[in-house]
Novice: 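The structure under discussion is supplied below as structure tokens; questions concerning it will follow.
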Amino acid sequence: NIMEQVRRGKGLDKEDIMVMSAAGIPQWYIDSCQRIKYMFPKAHAVAYVIMAYRIAWYKVHYPQAFYATYYTLRAGEFDVSWALGGLASIRRQISEIEKKGNGATVRERSRLTLLEVALEMYARGFKFRGIDLDKSDSRRFIITPTGLLPPFSALTGVGQTAAKNIVQARREGAFTSVEDLRTRARLSKKVIESLREMGCLNALPETNQLLLFAE
């Protein structure tokens, strides 16, 4: 009871002081209890340590699952184009942000953390694949034998709505052209261009029109 009162900054009442004095508690300790305004709960500290241990365990023993989960939770902040260039490209981007020091923007500092995890992932022998129009999910990173397959939402210019529309339209049938993809998934020109720059549309013709040539 004394511990909880002190932790919450309520201090000690006369009865508490009498009990503590009778138990031989030094006066300096009693005075300190009266000055405390707040203390972090021990149970919370233990919970955080347990969680950190669990995360570290998965990171060591199931690394791909760890990285897939990490980036799935941050898919909206992550642009896969940052990481496809490999270790050298990632190191260069990290160096550019670090050189800015306190001048780096909040967005850049957030990107730095994501890049550092990507650097670690590549250094451990894992990598990202390019986004696949036929296999990528709308928001989840998928573990494959050739690397982590990013979702559509991990591409700049492709929001959650557009990403979900692509997957939903794909379930209804394979895309026959860029025009078919744009119409069925209700995609904007900006989304189409982002997919094109990533190479997702290389296998698709622009339209479904057939040109007939008379011999």
Side-chain angles (χ1 to χ4, degrees), residues 47-49 51-167 170 181-182 185 187-202:
Y48 287 154
V49 171
M51 181 58 68
Y53 182 84
R54 287 173 175 166
I55 291 172
W57 190 88
Y58 276 101
K59 194 173 186 180
V60 171
H61 298 285
Y62 293 92
Q64 287 181 291
F66 169 83
Y67 294 118
T69 303
Y70 177 86
Y71 281 109
T72 292
L73 292 173
R74 293 161 178 78
E77 309 168 37
F78 181 71
D79 185 345
V80 69
S81 64
W82 301 341
L84 290 179
L87 274 173
S89 174
I90 294 172
R91 284 198 177 102
R92 184 178 65 254
Q93 293 175 74
I94 289 174
S95 177
E96 289 172 355
I97 295 174
E98 288 179 337
K99 284 179 181 177
K100 294 183 178 181
N102 294 331
T105 65
V106 174
R107 185 184 294 272
E108 286 173 329
R109 287 195 290 270
S110 176
R111 184 195 304 178
L112 178 61
T113 300
L114 297 170
L115 286 169
E116 287 172 340
V117 176
L119 179 67
E120 174 191 277
M121 188 182 93
Y122 271 80
R124 296 180 70 187
F126 307 108
K127 64 179 182 179
F128 291 105
R129 288 178 48 183
I131 291 175
D132 190 319
L133 189 63
D134 297 320
K135 298 177 181 178
S136 285
D137 188 66
S138 60
R139 67 176 188 84
R140 291 187 305 110
F141 280 74
I142 300 172
I143 300 172
T144 76
T146 55
L148 289 187
L149 178 61
F152 294 110
S153 57
L155 184 58
T156 296
V158 182
Q160 279 292 335
T161 300
K164 290 178 181 178
N165 287 348
I166 295 171
V167 174
R170 189 177 66 196
L181 167 64
R182 181 183 60 78
L187 303 180
S188 67
K189 182 178 179 181
K190 182 179 179 181
V191 172
I192 290 294
E193 288 308 309
S194 293
L195 292 170
R196 193 188 305 279
E197 289 175 7
M198 183 54 60
C200 301
L201 310 181
N202 290 348

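Values below: all heavy atoms of this structure, side chains included; hydrogens, waters and symmetry mates excluded. All residue numbers refer to positions in the sequence shown, counting from 1.
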Novice: State, to 0.1 Å, how close Met198 and Leu155 come at their nearest heavy-atom pair, and which atoms those are.
Specialist: CE-CD1, 3.5 Å

Novice: Please find the pair of heavy atoms, one from Ala118 and one from Ile90, that lie closest to each other, and give the distance.
Specialist: CB-CD1, 4.0 Å

Novice: Closest approach of Ala185 and Asn165, non-hydrogen atoms and distance?
Specialist: O-CB, 3.1 Å

Novice: Is the closest basic N to carboxylate O distance between Glu193 and Arg196 below 4.0 Å?
Specialist: yes

Novice: Sequence neighbours left out, what pairs pass salt bridge (charged side-chain N to carboxylate O under 4.0 Å, His left out) with at least one residue falling in residues 134-154?
Specialist: Asp137-Arg140

Novice: Within this structure, what is the OG-CG distance for the pair Ser95 and Leu115, rounded to the nearest 0.5 Å?
Specialist: 11.5 Å

Novice: Using 0.5 Å steps for rounding, measure from the OG1 atom of Thr105 to the CD1 atom of Ile97.
Specialist: 8.0 Å

Novice: Would you indicate whether the side-chain heavy atoms of Phe66 and Val60 approach each other to under 4.5 Å?
Specialist: no

Novice: Not counting sequence neighbours, list each pair that qualifies as a ring-ring contact (aromatic ring centres under 6.0 Å, His included) and has a residue in residues 79-124.
Specialist: Phe78-Trp82

Novice: Measuring from atom CZ of Arg129 to atom CG of Leu148, what distance do you get when rounded to the nearest 0.5 angstrom?
Specialist: 10.0 Å

Novice: Going from CG on Leu201 to CZ on Arg182, what distance comes out if it is rounded to the nearest 0.5 angstrom?
Specialist: 12.0 Å

Novice: Sort and list the pairs that fulfil salt bridge (charged side-chain N to carboxylate O under 4.0 Å, His left out) and have at least one residue in residues 74-102, not counting sequence neighbours.
Specialist: Lys100-Glu108

Novice: How many angstroms lie between atom CZ of Phe128 and atom CE of Met121, to the nearest 0.5 angstrom?
Specialist: 3.5 Å

Novice: Locate the shortest heavy-atom distance separating Ser136 from Ile131; write the atom from each residue and the value.
Specialist: OG-CG2, 3.5 Å

Novice: Please name the residue in the list Phe152, Tyr67, Tyr71 that meets the ring-ring contact (aromatic ring centres under 6.0 Å, His included) test with Phe141.
Specialist: Tyr71

Novice: Can you give me the closest heavy-atom contact between Ser194 and Gly157, atom names plus distance?
Specialist: OG-CA, 3.9 Å

Novice: Could you tell me the separation between the NZ atom of Lys164 and the OG atom of Ser138, rounded to the nearest 0.5 Å?
Specialist: 6.5 Å

Novice: Quick one: does any side-chain atom of Ser110 pair with a main-chain N or O of Val106 as donor and acceptor, under 3.5 Å?
Specialist: no

Novice: Check whether any side-chain heavy atom of Val158 lies under 4.5 Å from a side-chain heavy atom of Leu187, and answer yes or no.
Specialist: no

